[in-house]
Amino acid sequence: MSEMIATSGVRPRQLTPEEIAEIEHEMTLYPDKKAVGLEALKIVQKHQGWVSDESLLAISRYLDIPAADLEGVATFFNLVYRQPVGKKVILFCRSVSCWIMGCESVRAAIREKLGIDYGETTADDEYTLIPVPCLGDCDNAPVMMVDEDLHRRLTPEKIDAIVAAYKDANDQGKGA
Amino acid sequence: MAKIIVDGVEYEVDSDNNLLQECLSHGLDLPYFCWHPCMGSVGACRQCAVKQYKDADDEKGMLVMSCMTPATDGAIISIKDQQAVQMRERVIESLMTNHPHDCPVCEEGGECHLQDMTLMSGHNYRRYDKKKRTHRNQYLGPFISHEMNRCIACYRCVRYYDDYAGGTDLAAMASHNHVYFGRHQEGTLESEFSGNLVEVCPTGVFTDKVFSQRYSRKWDLQAAPSVCTGCAVGCNTTPGERYGELRRVVNRYNSEVNGYFLCDRGRFGFGYVNSAERLKVPVRQGDGQQEELDANEAHQLVQRLDGKIIGIGSPRASNESNFALRNLVGDDNFYAGVSAKQHAANQLILELHRDAAFHVPSVREIESCDAVLVLGEDVTNVAPRIALALRQSVRNKAKELAESANIPQWQDAAVRELAQEDRSPLAIFSNYASRLDDVASDTVVAGNQKLVKLGSAIAAELAGESASAGLDEAERELIGRVAQQLSSARRPLIVAGSSARSMELIKVGANIARALGKRSGNVIDFALLLPEVNSLGLSLLVQKDKDLSAALGVMESGAAKHCIVLENDLYRRAATSEVDAAIAGVDSLIVIDQLATPTSAKADIVLPATAFSEHEATYVNYEGRAQLSYQVHRNHSAARPAWRWLCENPAQQVEELVDRCAESVSAFKGIASLLPDLNSMIAGMRVPRQSHRYSGRTAMKAHVNVHEPKQAVDSDSVMSFSMEGIPASKDATVLGASWAPGWNSNQSISKFQDEINGKLKQEHCGELLLKDKQASGDFFNVTADQSDANNGLEVLPAYQIFGSDELSAHAPAIRERMTDAYLSLSPQDAEQLGLKHGQGAGIAGTDYVAIVCIREKIQPGTVAVYCGTEINPHDLPERIVLNANADIAERGIRGLIVSDLLEESY
Ligand code: SF4
Ligand code: SF4
Ligand code: FES
Ligand code: FES
């Protein structure tokens with residue numbers, strides 16, 4: 001791959017041994033390195049929470065994929081985070097069924113409770129709210145996912161309880 | 001031939017094509033965006049919908065994308081069908097929802113494919129009144145402006161830039177209604193062919209930044225068919241002028257040479273024409289004094305020189321100027337203004353041109369070759385447009401695979417998906433890694449000796465001789481592989497030339513091609529690259545032994561009283577001390593040039609010459625193709641075409657000179673056919689350089705004189721400096737800017753083509769001068785020169801697309817992309833010499849200092865030297881010793897793109 005000197009000050013970071021091991025494993029599953037781009041982005045995100053410019057360049061270098069192409073992949077999927085996100089990501093469905101079932105009032109409750117709207121992160125870096133199309137659970141609309149947990153048949157009132165539960169779990173985790 | 005019916009009319013078609021292409025070939029108006037004649041179809045924009053019927057009884061039909069539907073025999077379609085019309089209108093309406101409608105401030109306006117298609121589709125009023133998505137634009141370097149809001153997401157830019165031109169730093173980002181076409185981060189677009197984005201993007205996202213700085217609408221530009229003078233490829237261009245300034249250069253379609261694309265040197269390298277440093281008046285100078293001369297007096301002075309005069313011609317001057325100089329001084333006193341080595345290489349190349357065993361292929365033909373060996377050439381930096389063609393040649397494998405899988409060639413995505421990384425072989429043997437290496441099947445980076453050795457082994461292998469002497473296992477395998485690829489190819493191609501400054505390498509190329517020809521009985525494609533626009537033309541006018549060394553010798557000896565130097569800087573052609581001594585030996589030195597040079601600084605008389613866009617002239621490209629370049633605009637200073645200073649008649653017309661050249665130099669016999677006859681023009685009317693819509697003509701000089709001045713008369717050509725006359729409407733004999741009813745953008749070119757991607761109607765593609773072949777010669781006896789390997793590093797010449805060409809290096813935009821003179825070293829040598837990347841190093845025995853560039857793939861013991869504008873390459877010995885230079889610690893190398901920089905070192 002060609003290199004042009006000094007187009008930007010950003011330099012690739014060093015991938016961690018864990019990241020490299022996982023990427024290497026993926027490489028055994030695909031016919032060529034280029035195909036591993038998306039998996040590598042997911043691996044780095046898993047370890048770092050998000051994909052920084054430095055991480056993107058590191059993967060680009062490691063897999064010999066042009067940074068522009070990799071950026072194309074990273075930005076195509078809105079669950080690859082190219083900005084830092086909170087510790088928990090709320091994937092909030094705003095598709096048809098959830099909309100009919102009143103997701104807008106739930107969104108308002110989140111805004112009220114956490115002070116964040118779509119694309120925003122709480123000041124304490126605890127939550128990021130991201131809108132998504134249909135989560136595939138329409139019969140339980142409105143729904144949202146917090147990390148891996150699906151929360152169904154949401155009402156504005158349920159938000160308080162959900163946030164409180166996460167806070168408890170978090171505190172306990174710290175305590176233990 | 002297959003037939004299709006379009007709206008009740010029967011057309012003969014090539015069933016290997018798609019419906020869109022065939023409709024356009026037949027001159028029908030059918031809107032499209034994502035399809036491109038060179039890039040095929042992907043069906044992304046849905047703009048080209050037509051109705052297709054199963055048979056004559058089918059009344060309902062169904063909508064299909066014409067670009068994705070083959071033109072099968074018997075197909076019945078309708079463009080005019082109401083549903084199809086409506087579909088196309090709605091598609092464009094939806095594409096336009098986010099478009100800012102900023103035509104008045106958009107550089108694309110007036111030559112915008114999106115404007116044309118919008119009108120053609122009948123979407124005249126917008127209904128969408130919601131918010132539009134907006135984007136942030138990027139800085140993309142000195143050539144290209146970015147205005148992403150105008151994007152209609154047709155994907156043409158990335159398909160051109162990445163898929164076609166091999167760029168890696170432009171991509172489609174994000175998804176749905178906010179896709180973004182740009183770089184990963186702001187920064188200069190790295191591709192040497194980025195300028196084509198301006199013409200590929202159907203709207204104003206990528207526009208010409210140089211043009212923007214001094215902008216005019218297309219219809220306000222005075223334009224004429226011209227030829228790029230940036231290198232020996234001779235791409236066809238249409239420069240545009242306004243208010244006495246050259247404003248831009250765009251591609252001019254030539255089916256055999258450049259097709260639809262130019263390189264960035266050609267597109268952005270014209271700026272020197274407008275430079276304040278242009279020579280404007282004839283002067284007599286000496287002893288620090290300068291005296292302006294009256295132009296007629298100066299002309300007379302040249303004509304009445306007494307005593308022996310010698311003339312030094314130039315590969316960057318036209319045939320006419322060189323011929324006029326030759327006539328003035330006499331055949332025996334006319335010398336090539338190129339170094340002895342270059343002249344010898346040119347003569348050898350001429351000899352090979354005439355050898356019946358070889359054919360020097362056009363750019364178009366190069367694209368169709370299916371196995372290529374490049375010997376010692378940095379094609380991207382020496383003959384850029386050919387590098388783009390070689391990039392297409394490796395796709396012949398994909399085309400073959402598609403054919404055997406029954407996939408039509410125009411199904412671009414399918415063909416690429418099928419082939420993946422499968423490519424036709426391209427072996428590159430070069431002095432340093434090249435920008436084509438990413439698609440090469442084999443690369444060897446080494447000094448000339450080794451390249452000669454390996455090349456000779458290939459020739460021997462092909463000739464059925466033992467090739468293994470002195471080769472290691474890996475080398476034997478490589479030789480066997482390349483020989484096998486070349487001999488089993490349908491159309492193999494050898495690329496060689498004068499860049500590596502090795503006659504042996506050219507001879508090795510000839511031996512390989514000859515051996516291939518002997519095996520197959522075919523004439524073998526042998527592309528011989530030369531450095532400058534008229535290198536070949538000059539060589540045809542000069543006697544074999546009249547190189548620059550000979551001229552300098554005559555001058556130094558005092559045997560010549562006067563020397564006339566035509567558009568040439570001798571300090572780029574021979575060692576400084578030799579030139580100094582030669583100049584000291586003549587009574588008077590007369591220099592004719594466009595810009596001041598170190599040579600003109602030493603002249604007694606300096607005469608200003610017009611630039612390529614200011615005169616009509618012919619040039620001979622690397623194939624021996626003579627091409628005519630028309631005058632675009634006038635020069636308002638005392639500058640004259642060089643031949644007018646040199647011919648007795650100060651009003652000498654170029655056409656008569658061309659005729660005389662054709663009569664008196666046998667090689668130029670065919671050149672007169674380049675001149676169109678005024679009588680063959682419609683009603684004997686001249687072809688206007690200005691469009692019918694050219695505005696402000698009567699007011700242009702209003703600040704000087706309120707009366708409209710008489711339009712200047714062009715006595716030289718069939719074109720006029722006015723709007724009057726008959727512009728090309730279908731016939732392309734004299735086609736500068738192309739327009740057709742409803743088609744204001746460059747895509748109107750399809751209206752002038754016989755068929756899409758084919759010849760222009762009545763096009764003159766130029767005249768091949770070296771068609772007469774002599775019997776095949778013999779194999780060359782090649783011995784690699786043995787130089788003393790113990791002392792210093794072997795110098796290998798390095799080239800840069802932006803900087804190696806003398807004139808374009810004066811263009812402001814090109815300057816922004818130029819790099820320092822640099823010394824490419826292997827990491828081993830750098831370490832041994834204690835040199836770091838980006839640090840200065842002095843060249844022992846000279847005053848020159850250059851920047852160290854550590855490259856992964858340089859053969860230890862060699863140094864690739866890029867001389868830039870700082871170093872006279874002829875001052876360097878064949879081997880050099882380097883010393884660290886403390887003054888330049890680590891400044892890096894600005895804007896350099898190489899394919900194998902060492903990662904740690906920058
Ligand atoms: S930038 Fe131009 S070429 Fe690229 S997708 Fe947008 S409109 Fe098409
Ligand atoms: S390849 Fe050569 S002739 Fe063609 S545009 Fe570039 S510089 Fe001009
Ligand atoms: S619409 Fe929300 S889960 Fe399907
Ligand atoms: S041109 Fe046919 S879909 Fe774009």
Side-chain angles (χ1 to χ4, degrees), chain A residues 1-15 27 30-38 40-41 44 51-83 94-95 118-119 130-134, chain B residues 138-141 155 158 161-163 166-176 178-192 380 420-421 433-438 817 819-820 822 837-838 851 853 855-856 891-906:
Chain A
M1 202 195 320
S2 72
E3 292 296 344
M4 182 157 183
I5 299 178
T7 50
S8 89
V10 183
R11 291 280 163 256
R13 73 172 173 84
Q14 192 62 46
L15 293 172
M27 277 160 67
Y30 290 92
D32 64 81
K33 288 203 280 188
K34 290 208 165 88
V36 184
L38 178 59
L41 287 165
V44 165
V51 181
S52 64
D53 286 353
E54 289 78 2
S55 294
L56 189 99
L57 288 179
I59 300 171
S60 147
R61 185 70 46 101
Y62 195 80
L63 296 176
D64 200 17
I65 303 175
D69 287 358
L70 196 64
E71 183 77 291
V73 175
T75 52
F76 182 83
F77 296 101
N78 61 351
L79 298 188
V80 174
Y81 308 134
R82 287 286 283 115
Q83 290 171 36
R94 62 161 169 187
S95 230
Y118 292 154
I130 294 178
V132 290
C134 184
Chain B
Q138 290 180 324
Y139 168 80
L140 297 176
Y155 283 72
V158 285
Y161 193 93
D162 295 21
D163 299 351
T168 54
D169 61 330
L170 185 82
M173 321 271 177
S175 57
H176 47 96
H178 55 92
V179 273
Y180 186 92
F181 298 85
R183 278 175 49 94
H184 151 244
Q185 282 166 331
E186 287 200 303
T188 303
L189 283 171
E190 291 179 4
S191 168
E192 294 80 2
T380 307
Q420 299 283 339
E421 308 280 295
S434 87
R435 295 271 284 161
L436 280 172
D437 289 4
D438 60 327
R817 293 289 308 274
T819 69
D820 310 302
Y822 61 78
H837 185 81
I851 311 293
C853 172
R855 300 186 66 169
E856 195 174 13
R891 75 157 179 232
I893 309 174
R894 206 169 34 103
L896 178 67
I897 308 171
V898 288
S899 30
D900 68 331
L901 262 188
L902 266 195
E903 199 172 293
E904 309 83 74
S905 50
Y906 70 95

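Letters A, B, ... mirror the listed sequences (proteins, then strands); counts begin at 1. What you are looking at is a predicted structure, and each value in this text was computed from that prediction instead of being measured.
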inquiry  = I'd like to know if A/Arg82 and A/Glu71 make a salt bridge, using a cut-off of under 4.0 Å between side-chain N and carboxylate O.
reply    = yes
query = Which answer fits B/Asp437, side chain, backbone, both or neither, if we ask what part of it has an atom under 4.5 Å from a heavy atom of chain A?
reply = neither
query = Going by distance alone, is a donor N or O of one side chain under 3.5 Å from an acceptor N or O of the other, for B/Arg817 and B/Thr188?
reply = no
ask   = Checking B/Ala172 against chain A: side chain, backbone, both or neither under 4.5 Å from a heavy atom?
value = backbone
query = Is B/Asp162 reaching over with its side chain to a backbone N or O of B/Thr168, donor-acceptor style, under 3.5 angstrom?
reply = no
key: A/Leu56, part contacting chain B, at a heavy-atom distance under 4.5 Å   = side chain
ask   = Is B/Glu192 salt-bridged to B/Arg435, going by a charged N under 4.0 Å from an acidic O?
value = yes
